Trainee: 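Please find one structure pasted underneath; my questions will follow.
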Amino acid sequence: ALAAKKEPRAICAQRFGAAFFAHCAEFMFSPERLQSLQGQESFCYKHSRSCTAHPPKPAIFAGLHGLVAGVNCYDWSSMDSESGWLGDSAQIFMQFLSELLANDTYQFGVLECTTGFDESMGLAPLQGQWEVVVLGISPAMFGLPINRDRKYMLLTKKSMLVWLPQVRQLGHQQAFEAVFR
């Protein structure tokens, strides 16, 4: 009998993870589910009672309203599990994305992860309404002797925010690096 060829974990995770993500996205990002997140409440430790999970932006607040999060790097790092979309953090990430899509007041989002994170798949549900900019950032860029490359994904709602022409002309990565020169 022939033994089945064992594929590396990362290849299996990539192949089956994409199918898993696509299947879950049908439910997680459906209009009915996104509508159900409106006005959702959960326990609030500050007030010791149930509060709105996504309170409206206060009228007196003139600033931007957004979500900032980190994707669990364990599932995306070559130093760890490399489980990708089959890892424990996939469902948490999909919930984050659902909340971003369900709340009309958010103008931006920021995500951070290792360079292995698959943003082309993970942020595809934002296409059309959001612009996605991926920056490569490492402490070495700032003169620190540490090689810890990361992706920062800047999400801006197209109907609410636009990048300055100078940033577009120079390029987002180059504009970011120019700030620290």
Side-chain angles (χ1 to χ4, degrees), residues 25 28-76 89-115 117-144 146 148-181:
M28 293 291 287
F29 308 127
S30 69
E32 297 82 21
R33 180 160 188 293
L34 293 178
Q35 182 65 33
S36 75
L37 295 175
Q38 304 278 333
Q40 192 175 42
E41 291 189 353
S42 60
F43 185 78
C44 174
Y45 287 93
K46 180 178 180 181
H47 300 113
S48 295
R49 61 177 166 83
S50 189
C51 288
T52 304
H54 298 280
K57 184 169 121 176
I60 61 168
F61 181 68
L64 299 175
H65 196 210
L67 285 180
V68 177
V71 179
N72 185 339
C73 64
Y74 181 80
D75 293 328
W76 297 99
S89 67
Q91 293 155 342
I92 297 166
F93 172 78
M94 293 180 91
Q95 179 64 29
F96 163 83
L97 216 53
S98 295
E99 292 178 18
L100 188 67
L101 289 166
N103 192 316
D104 290 336
T105 65
Y106 290 132
Q107 299 158 309
F108 75 95
V110 179
L111 290 168
E112 178 271 341
C113 196
T114 63
T115 58
F117 179 72
D118 181 8
E119 76 277 358
S120 62
M121 168 78 63
L123 300 178
L126 299 178
Q127 286 181 349
Q129 296 179 340
W130 293 79
E131 181 177 2
V132 176
V133 171
V134 180
L135 299 176
I137 301 176
S138 171
M141 294 170 64
F142 307 105
L144 299 172
I146 303 167
R148 193 168 166 83
D149 295 339
R150 292 289 181 264
K151 280 184 186 176
Y152 278 78
M153 292 144 280
L154 309 177
L155 320 170
T156 55
K157 195 170 227 176
K158 290 179 180 179
S159 64
M160 296 182 172
L161 294 174
V162 294
W163 291 98
L164 291 172
Q166 298 89 331
V167 172
R168 287 196 182 281
Q169 182 180 7
L170 186 58
H172 296 91
Q173 181 75 38
Q174 292 77 12
F176 173 80
E177 291 177 20
V179 169
F180 297 99
R181 283 191 203 127

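Source: prediction; values computed, not measured.
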Trainee: Is the count of non-hydrogen atoms from other residues, nucleotides or ligands lying under 6.0 Å from Q174 atom CD greater than 12?
Mentor: yes

Trainee: How long is the straight-line distance from NZ of K157 back to CG of L64, given to the nearest 0.5 Å?
Mentor: 12.5 Å

Trainee: Taking all atoms of both residues into account, what is the closest heavy-atom pair of F43 and R49, and its distance?
Mentor: CE1-N, 3.6 Å

Trainee: What pairs with N72 under side-chain hydrogen bond (donor to acceptor under 3.5 Å, both in side chains), at least two apart in sequence or on another chain?
Mentor: none

Trainee: For a 4.5 angstrom cut-off between non-hydrogen side-chain atoms, does V133 reach F176?
Mentor: no

Trainee: Is W130 close to L100 at the side-chain level, that is, under 4.5 Å between some pair of heavy atoms?
Mentor: yes

Trainee: Given side chains that start at C-beta, do those of L123 and L111 come closer than 4.5 Å, heavy atoms only?
Mentor: yes

Trainee: For Q129, is the CD atom crowded, meaning more than 12 foreign heavy atoms sit under 6.0 Å from it?
Mentor: no

Trainee: Nearest 0.5 Å, please: how far is CZ in F93 from CZ in F117?
Mentor: 4.0 Å

Trainee: Excluding sequence neighbours, so at least two apart, what forms side-chain hydrogen bond (donor to acceptor under 3.5 Å, both in side chains) with Q40?
Mentor: none

Trainee: What distance separates N103 CG from Q38 CD, expressed to the nearest 0.5 Å?
Mentor: 6.5 Å

Trainee: Looking only at atom types and distance, does a side-chain atom of K151 sit under 3.5 Å from a main-chain N or O of T115, one as donor and one as acceptor?
Mentor: yes

Trainee: To the nearest 0.5 Å, what is the distance between CG (L67) and CD (Q107)?
Mentor: 11.5 Å

Trainee: Determine whether more than 12 heavy atoms belonging to other residues, nucleotides or ligands lie under 6.0 Å from atom CD of Q91.
Mentor: no

Trainee: Rounded to the nearest 0.5 Å, how far does CG of D118 lie from CG of D75?
Mentor: 13.0 Å

Trainee: According to the interplanar angle, ranging from 0 to 90°, do the rings of Y106 and H65 count as parallel (below 30°), tilted (30 to 60°) or perpendicular (above 60°)?
Mentor: tilted

Trainee: Identify, with sequence neighbours excluded, every residue that meets side chain to side chain contact (heavy atoms under 4.5 Å, CB included) alongside R148.
Mentor: P139, I146, R150

Trainee: List the atom of M160, the atom of T105, and the distance in Å for their closest heavy-atom pair.
Mentor: SD-O, 4.5 Å

Trainee: Other residues, nucleotides and ligands only: do more than 12 of their heavy atoms fall within 6.0 Å of OH on Y45?
Mentor: no

Trainee: side-chain hydrogen bond (donor to acceptor under 3.5 Å, both in side chains) for E99 and Q95? Distances and angles first, verdict last.
Mentor: CA-CA 6 Å; E99 292 178 18; Q95 179 64 29; 2.8 Å; yes

Trainee: With rounding to the nearest 0.5 angstrom, report the CD to CG distance, E119 to L126.
Mentor: 11.5 Å

